[in-house]
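These notes are about the structure you will find just below.
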Amino acid sequence: MVSTLQPAQVARVMVQSAVSKHKDRYENTFFKAVLAGVMLSFGGLLSEIVTGGSTGLTQSNPGLVKVLGGFVFPIVLQGHELLTSNMMVFPMAVLKGAVPWWSLPVNWIIVTFGNLIGSLFFAAILVHYSGIISTPPYNTSVQTFAIHKAADPHWHQIFLRGIGCNWLVCVAVWQAAGAKDTLSKIVALWIPIWVFVACAFDHVVANMFSVPLGIMFGADLTVAAYIRKSLIAAYLGNIVGALLVGLPAVMFYLRDYDYRAETGLSAAETGEAMTVPRSDDSSSSDEKRR
């Protein structure tokens, strides 16, 4: 028994995923996006606790701390709406005519704000106001992390880090879609996500938690500076990273794939799918009448 799907099958799954997301109600998409922002923030919090609390290890072996921080970033298999994966599946579906072009910006806008609200809710209510990391070294580490993410790098550096991040994220999503059992999906997701976190690439949704959290704890960074420099750069970089996975997949595996023909949409639109074949009795009676 084959334990994984073939690449061409995975590519079709990506297109079908976008179609399902396109057909979903807007309020469902929004609340799924809110929950995705919350769940990703759980991982961000655990990563910050591990890296921020390992002050001695950071001084002696900073690389190991990065690896540990990436390892504890959890995997979510709940079917929520995360912007970074949608940046891959929607362009694929649009190119193959499976969804209209306008569904791409509509979905991205809804999911962006949903992910942002979920991340800000988690950062403000469950972390800042709860006081769970309000003492040293965690509070200072949160501030430092936000500065390193959104203030210290140049705009083009954040953009390039965004490319690397979502390239890995979309590889993870692709691998998980090809796996058939839950354990395989977790492993397929975990390793690329581990790599991007350990390498400090920029995930626009993960930054929606970590950077505002640093601002809440008093980091020397304004909201406007975060949006202008980090949010926009990481957003655009993540789009490019997603396209570097999705577009080659369309070219390699979906060149002759016609979603509309395979699903009967073309026939339905032309009225052919509504034609009811006549029975033999009715055909013979017609002949008699003639």
Are the side chains of [Y] and [X] in contact, using a 4.5 Å heavy-atom criterion?
X: Pro91; Y: Leu104; answer: yes
X: Gln175; Y: Leu189; answer: no
X: Leu160; Y: Phe201; answer: no
X: Ile132; Y: Leu45; answer: yes
X: Thr84; Y: Val204; answer: yes

Which heavy atom of [X] sits nearest to which heavy atom of [Y], and what is that distance?
X: Leu82; Y: Val111; answer: C-CG1, 3.9 Å
X: Ser184; Y: Ala179; answer: CB-CB, 3.7 Å
X: Pro100; Y: Val94; answer: O-CG2, 4.0 Å
X: Tyr259; Y: Val19; answer: OH-CG1, 3.3 Å
X: Leu221; Y: Ala151; answer: CD1-CB, 4.2 Å
X: Leu83; Y: Trp108; answer: CD1-O, 3.9 Å

Working for side-chain contact (heavy atoms from CB on, under 4.5 Å), residues Phe159 and Val240
CA-CA 9 Å; Phe159 171 75; Val240 175; 4.0 Å; yes
Where at least one partner belongs to residues 142-164, residue pairs that pass side-chain hydrogen bond (donor to acceptor under 3.5 Å, both in side chains), sequence neighbours excluded
His148-Asp152
So side-chain hydrogen bond (donor to acceptor under 3.5 Å, both in side chains) across residues 217-246, not counting sequence neighbours, yields Thr112-Tyr235
Has [X] got a side-chain atom pairing as donor or acceptor with [Y]'s backbone, closer than 3.5 angstrom?
X: Ser141; Y: Pro137; answer: no
X: Asn166; Y: Ala234; answer: no
X: Thr51; Y: Ser47; answer: yes

About how many Å separate [atom2] of [Y] and [atom1] of [X], when rounded to the nearest 0.5 Å?
X: Ile193; Y: Ile186; atom1: CD1; atom2: CD1; value: 13.0 Å
X: Leu213; Y: Leu126; atom1: CG; atom2: CG; value: 11.0 Å
X: His203; Y: Leu168; atom1: NE2; atom2: CG; value: 10.5 Å
X: Met251; Y: Tyr253; atom1: CE; atom2: OH; value: 10.0 Å
X: Leu35; Y: Ile117; atom1: CG; atom2: CD1; value: 12.0 Å
X: Leu120; Y: Met208; atom1: CG; atom2: CE; value: 8.5 Å

Evaluate side-chain contact (heavy atoms from CB on, under 4.5 Å) for Asn207 paired with Leu231, printing each intermediate quantity in order.
CA-CA 8 Å; Asn207 288 358; Leu231 180 64; over 6 Å; no
With clusters defined by side-chain heavy atoms of hydrophobic residues (ILVMFWY) lying less than 4.5 Å apart, directly or transitively, does [Y] cluster with [X]?
X: Leu40; Y: Val171; answer: yes
X: Ile227; Y: Ile109; answer: no
X: Phe209; Y: Ile158; answer: no
X: Val99; Y: Met87; answer: yes
X: Trp102; Y: Ile239; answer: yes

Mind checking what makes salt bridge (charged side-chain N to carboxylate O under 4.0 Å, His left out) contact with Asp24, not counting sequence neighbours?
Lys32
Any donor-acceptor N or O pair under 3.5 Å, side chains Asn107, Lys21
no
Do other residues, nucleotides or ligands put more than 12 heavy atoms under 6.0 Å from the OH atom of Tyr257?
yes
Should the heavy atoms of other residues, nucleotides or ligands under 6.0 Å from CH2 of Trp174 be counted, would the total exceed 12?
yes
Between Phe113 and Phe30, is the gap from one ring center to the other below 6.0 Å?
no
